[in-house]
Amino acid sequence: MNRRLGAFESALALSNDFSPLNVVAVLRMAAGPEPSAWTRALATVQSRHPALRTRIVRRPRGYAFEPGEALEIPLRCVPREDPERWVTEAETELNQPFAGHRGPLLRAAIVGSGQGACELLLTFHHSIMDGASALQLCRELLLLAAGEGTADLEPSSLPEPPTAERLFPESYQGWRRHMRFAGFACRQMGGELHDLWRARGRWHPPPTEPCRSRILSFQLSESATAALTRRARQARVTLHSVFDAALLLAVARRRYRGERLPLRHLVFANLRPYLVPPVDNEPLGAYFSMLRFSTLMHPDRELWPLAAEINAVVHSAAKRGDKYAFFLASILFMRAILGLGRQRMAATALSYTGVTKLGPPDPFEVLGVHAFASNFRLGPEASAQIRWFAGRLWWDILYLDSEMTGDEAKQLAGEIQQTLSHV
């Protein structure tokens, strides 16, 4: 790859220069091959994907991808001293920055080896990865490590993935792009001033350095997952809106004691199906966007009315095409957040990737799938990555240790579980 970074890619790279912004995917397996099998699999995917042979450099007009040095994807082997050792290693990966100017933009670790239980950790620079392509790469690695599907996964290098804005629909090209962007910017600025007036300084200030990303995971039972899905369908709201509401309620109650004030929340949108032409899940890239909303929270807020309100707001933003506008505005937004340094991006951030499938075949009996994206002191107070795997809803929560203890994080997670279980 040898091109300038797009708007959203540049925002992610700028954020990473300020504080590590990594994506860590974890596959928990009942058994796994020797480390040499993973080394061969990583070498194959590196030969296929241009993004894994690149680095990020600064040019006079911004960031750019350039072919990297001839470096292999590093693989660490860690003894599996206890079943939760992967948590410690995932936190280490979240907080360790990439030397993006050297490359590669992926590193791996295996906790345990041989035929016993093990965990594979893949850490990506966020500018080359979204949830869809991360899952696809995990499938490739599992097949290659098992020695299956090799013929299908060893073509010459895949084409260089284009920037997402080049593939925006016609209504977001040319002069219409600028008109829509201007309308979006005016709405955002008006909302920002309104929120500042309503909050009157009651938002939590960003924590001081140093602060580290910490993780906490839980799952809803199959019966609770099924009941929640039925109830959401009856209420005509998306699961994404329900999860967003549950996370907002937990933060409002546990962090703000139910005070009446507006709280901002971030949601993420997969752009791949909406590009022209659509981009499938195979090319690595950051084909997603972020949207920021503000919702007035107060002690009488309940899950389903709040979920319906969020659902309506997100639907309206989708109809307007705000996901494209925020994508284009992301570098300006990030520069403003980092430049001011006094205001957080939001109280919460949530990503729901839907049903996660890795097979068949599933050569190593994957027991669990996790994903985390690094936070930093100007980021959200709590974020969650959610997926549906093996009939359950898996929640991966991220928080900062400088403002929330492990016990407080467990109380926050308990609040979410209790809210979702009482359907």
Stepwise side-chain contact (heavy atoms from CB on, under 4.5 Å) test for C118 and I110: CA-CA 7 Å; C118 64; I110 185 75; 4.1 Å; yes
So CZ of R212 and OG of S402: to nearest 0.5 Å the spacing works out to 11.5 Å
query: Do E89 and R76 meet the salt-bridge criterion of a basic N to acidic O distance under 4.0 Å?
result: yes
Notebook entry, point to check: Quick check: does any side chain N or O of H126 sit under 3.5 Å from a backbone N or O of M129, one acting as donor and the other as acceptor?
Noted result: yes
Interatomic distance, CZ@R48 vs CG@L284, rounded to 0.5 Å, equals 9.0 Å
task = Assess the pair W394 and F218: is the distance between their ring centroids shorter than 6.0 Å?
result = no
Under 30°, 30 to 60°, or over 60°: which ring-plane class applies to H125 and F98, parallel, tilted or perpendicular? tilted
Requested in this report: Determine yes or no for a side-chain-to-main-chain donor-acceptor pair under 3.5 angstrom, with T229 supplying the side chain and T225 the backbone.
Outcome: yes
Worksheet entry | Between E403 and H204: side-chain donor-acceptor atoms closer than 3.5 Å | no
In this structure, CG of L42 is separated from CD of E72 (nearest 0.5 Å) by 9.5 Å
Polar side-chain atom of R53 near backbone of L71 as donor-acceptor pair, under 3.5 Å: no
Between the side chains of R214 and E91, is the shortest nitrogen-to-carboxylate-oxygen separation below 4.0 Å, so that they form an ion pair? yes
Result for side chain to side chain donor-acceptor pair (under 3.5 Å) between Q173 and one of R176, R177, E170 points to R177
Checklist line | side chain to side chain donor-acceptor pair (under 3.5 Å) assessment of N22 paired with T123 | finding: CA-CA 6 Å; N22 303 335; T123 305; over 6 Å; no
Checklist entry - Which is it for L247 and I416 under the side-chain contact (heavy atoms from CB on, under 4.5 Å) test, yes or no, and what are the steps along the way? => result CA-CA 6 Å; L247 183 60; I416 296 170; 3.7 Å; yes
_Distance alone, cut at 3.5 Å: any donor-acceptor contact between the side chains of N281 and Y287?_
no
Rounded to the nearest 0.5 angstrom, the CZ-CG distance for R198 and L296 is 5.0 Å
Between T39 and S36: side-chain donor-acceptor atoms closer than 3.5 Å: no
Please assess T163 against L5 for the test side-chain contact (heavy atoms from CB on, under 4.5 Å), listing each intermediate value before the final yes or no. CA-CA 7 Å; T163 59; L5 272 65; over 6 Å; no
Run the salt-bridge test on R80 and E119 with the 4.0 Å N-O cut-off and return the result as yes or no. yes
Open item on the list: Quiz question: by atom type and distance under 3.5 Å, do the side chains of S133 and D130 form a donor-acceptor pair?
Closed with: yes
Are F327 and F288 near enough that their ring centres are under 6.0 Å apart?
-> no
Query - Residues, nucleotides or ligands: over 12 heavy atoms within 6.0 Å of R59 CZ - result: yes
For this session: Please report the C-alpha distance between E140 and H49 in whole Å, then the side-chain angles of each, then the deciding distance to 0.1 Å, and finally whether the side chain to side chain donor-acceptor pair (under 3.5 Å) criterion is met.
Result: CA-CA 11 Å; E140 292 183 17; H49 295 280; 3.2 Å; yes
Taken to the nearest 0.5 Å, the spacing of L106 CG from L52 CG works out to 5.5 Å
**OP:** Assess the side chains of D244 and H265: does a donor N or O sit below 3.5 Å from an acceptor N or O?
**Re:** yes
**OP:** Take S241 and T238 through the test side chain to side chain donor-acceptor pair (under 3.5 Å) and record every step on the way to the result.
**Re:** CA-CA 5 Å; S241 298; T238 64; 3.0 Å; yes
Worksheet entry | Worked check of ring pair (Phe, Tyr, Trp, His ring centres under 6.0 Å) between F243 and W395 | CA-CA 10 Å; F243 302 150; W395 280 66; 5.6 Å; yes
### Y63 vs D17, side chain to side chain donor-acceptor pair (under 3.5 Å): CA-CA, chis, key distance, verdict
CA-CA 11 Å; Y63 294 95; D17 283 351; 2.4 Å; yes
Requested in this report: Start with the C-alpha distance between L266 and L291, add both sets of side-chain angles, then the distance that settles side-chain contact (heavy atoms from CB on, under 4.5 Å), and finish with yes or no.
Outcome: CA-CA 6 Å; L266 304 174; L291 291 170; over 6 Å; no
Exercise. Would you mind checking if E66 and R3 are paired as a salt bridge, meaning a charged N to carboxylate O distance below 4.0 Å?
Key: no
On a heavy-atom basis, the closest approach of A108 and L122 is CB-CD2, 3.8 Å
May I ask you to check if R231 and W304 form a cation-pi contact, with NZ or CZ under 6.0 angstrom from the six-membered ring centre and within 45° of the axis?
-> yes
Kindly indicate, with the supporting measurements, whether the criterion salt bridge (Lys or Arg N to Asp or Glu O under 4.0 Å) is fulfilled by R187 and D322. CA-CA 11 Å; R187 291 194 301 272; D322 283 0; 2.9 Å; yes
Next on the checklist: For Y324 and Y274, I'd like to know if the aromatic rings sit close, meaning centre-to-centre distance below 6.0 Å.
Outcome noted: no
Tell me if a side-chain donor or acceptor on R61 pairs with a main-chain N or O of R4 at a distance below 3.5 Å. no
Check: For the rings on Y172 and F181, is their centre-to-centre separation under 6.0 Å?
Finding: no
Under 3.5 Å side-chain donor-acceptor pair for R253 and Q411 | no
Rounding to 0.5 Å, atoms OG1 (T419) and CG (L248) come to a distance of 11.5 Å
Say whether, by atom type as modelled, one donor and one acceptor occur between the side chain of R107 and the main chain of L75 under 3.5 angstrom.
no
> Would the W38 and F364 ring centres measure less than 6.0 Å apart?
Replying inline: yes
Scanning both residues in full, the closest heavy-atom pair of A373 with L94 reads C-CD2, 4.0 Å
Electrostatic pair E192-R264, nearest N-O below 4.0 angstrom:
yes
Short N-O contact, E282 and R272, less than 4.0 angstrom = no
For R392, the salt bridge (Lys or Arg N to Asp or Glu O under 4.0 Å) test, sequence neighbours excluded, returns none
State whether a side-chain donor-acceptor pair under 3.5 Å links N375 with S213. no
* **H370-R28 side chain donor-acceptor pair, cut-off 3.5 Å** => yes
Side-chain donor-acceptor contacts of residues 383-390 below 3.5 Å, not counting sequence neighbours, with atom names and distances?
unit_1, atom_1, unit_2, atom_2, d
R387, NH1, V369, O, 3.2
R387, NH1, D396, OD2, 2.9
R387, NH2, D396, OD2, 3.2

If we ignore hydrogens and angles and just use 3.5 Å, is the side chain of E381 paired with the main-chain N or O of V251 as donor and acceptor?
no
